[in-house]
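This report refers to the structure that appears directly beneath it.
Chain identifiers are assigned alphabetically (A, B, ...) following the order of the sequence lines, protein sequences preceding nucleic acid strands; residue numbering begins at 1 within each chain.
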Amino acid sequence: MPDSVHRSDDTPAFVQLVLGLVRRIPAAKVMTYGDVAEFLERGTARQVGAVMAGYGSEVPWWRVVNASGRLPEHLRGEAAANYLAEGTPYDLEREKVRLAGCRWDGSR
DNA sequence: AGCCTGACAGATA
DNA sequence: GTATCTGCCAGGC
């Protein structure tokens with residue numbers, strides 16, 4: 001097949017790639033939506049967000065945050081509890097993860 | 001087809 | 001620091 005192979009790959013394949021990676025994020029570490037897309041070399045941050053919105057409950061979803069280290073309003077409470085439990089650097093005042101201290105690059 | 005929405009992100013003011 | 005705008009791309013109507 002000529003070119004258009006590396007396209008936005010939607011569908012179950014992309015979903016599984018995302019969920020699979022999120023499951024590999026170590027405790028006390030996080031990745032941003034953009035990091036996930038970049039690491040997989042597929043899709044965009046926005047698409048990753050769409051997957052999380054639909055299937056996030058199946059994985060440690062609090063380990064994927066936006067570029068500011070935050071999650072939408074309705075999830076912050078649950079997320080905070082998990083950060084506290086696993087020792088993720090979390091700013092309770094601003095309700096956001098301090099990415100500088102726990103961003104995961106995919107390596108171990 | 002068009003228009004809007006969304007667990008996003010970078011640039012700019 | 002916050003607010004806005006633009007680009008992004010899939011899905012729903």
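Here salt bridge (Lys or Arg N to Asp or Glu O under 4.0 Å) pairs that include residues 70-83 of chain A, with residues two or more places apart or in two chains, are Glu73(A)-Arg76(A), Arg76(A)-Glu95(A). Residue pairs satisfying the salt bridge (Lys or Arg N to Asp or Glu O under 4.0 Å) criterion with at least one member in residues 45-66 of chain A, sequence neighbours excluded, are listed as follows: Arg63(A)-Glu86(A).
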Whether each nucleotide of nucleotides 8-13 of chain B has a protein heavy atom under 4.0 Å at its base (B), only at its sugar-phosphate (S) or at neither (-) is summarised, 5' to 3', as BSS---

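Not a single donor-acceptor pair under 3.5 Å links the side chain of Trp61(A) to the backbone N or O of Val64(A). A donor-acceptor contact shorter than 3.5 Å links the side chain of Tyr83(A) to the backbone of Trp62(A).
Considering only residues two or more places apart in sequence or on other chains, Asp35(A) meets the side chain to side chain donor-acceptor pair (under 3.5 Å) condition with Thr32(A), Arg103(A).
Protein atom CD of Gln47(A) is 17 Å distant from nucleotide atom P of dG6(B), rounded to whole Å. Note: CZ (Phe14(A)) to P (dC9(C)) measures 12 Å, nearest angstrom. When rounded to the nearest whole Å, the span between CD of Glu73(A) and P of dA7(B) equals 13 Å. Atom CG of Leu17(A) and atom P of dA10(C) are 15 Å apart (whole Å). Distance Glu58(A) CD to dA7(B) C1': 15 Å, rounded to the nearest Å. Between Arg94(A) atom CZ and dT2(C) atom C1' there is a gap of 11 Å when expressed in whole angstrom units.
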Do any side-chain atoms of residues 14-30 of chain A form donor-acceptor pairs under 3.5 angstrom with protein atoms, and if so which ones, sequence neighbours left out?
unit_1	atom_1	unit_2	atom_2	d
Arg24(A)	NH2	Gly106(A)	O	3.4

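Of the residues in residues 82-89 of chain A, not one places a heavy atom less than 4.0 Å from an atom of DNA chain B.
When all heavy atoms are compared, the tightest approach of Leu99(A) to Ser68(A) is CD1-C, 4.4 Å.
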Could you give me the CA-CA distance, side-chain angles and deciding distance for Asp105(A) and Phe39(A), then say whether side chain to side chain contact (heavy atoms under 4.5 Å, CB included) is met? CA-CA 8 Å; Asp105(A) 57 9; Phe39(A) 185 88; over 6 Å; no

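Nucleotides dC13(C) and dA7(B) place their P atoms 15 Å apart, quoted to the nearest Å.
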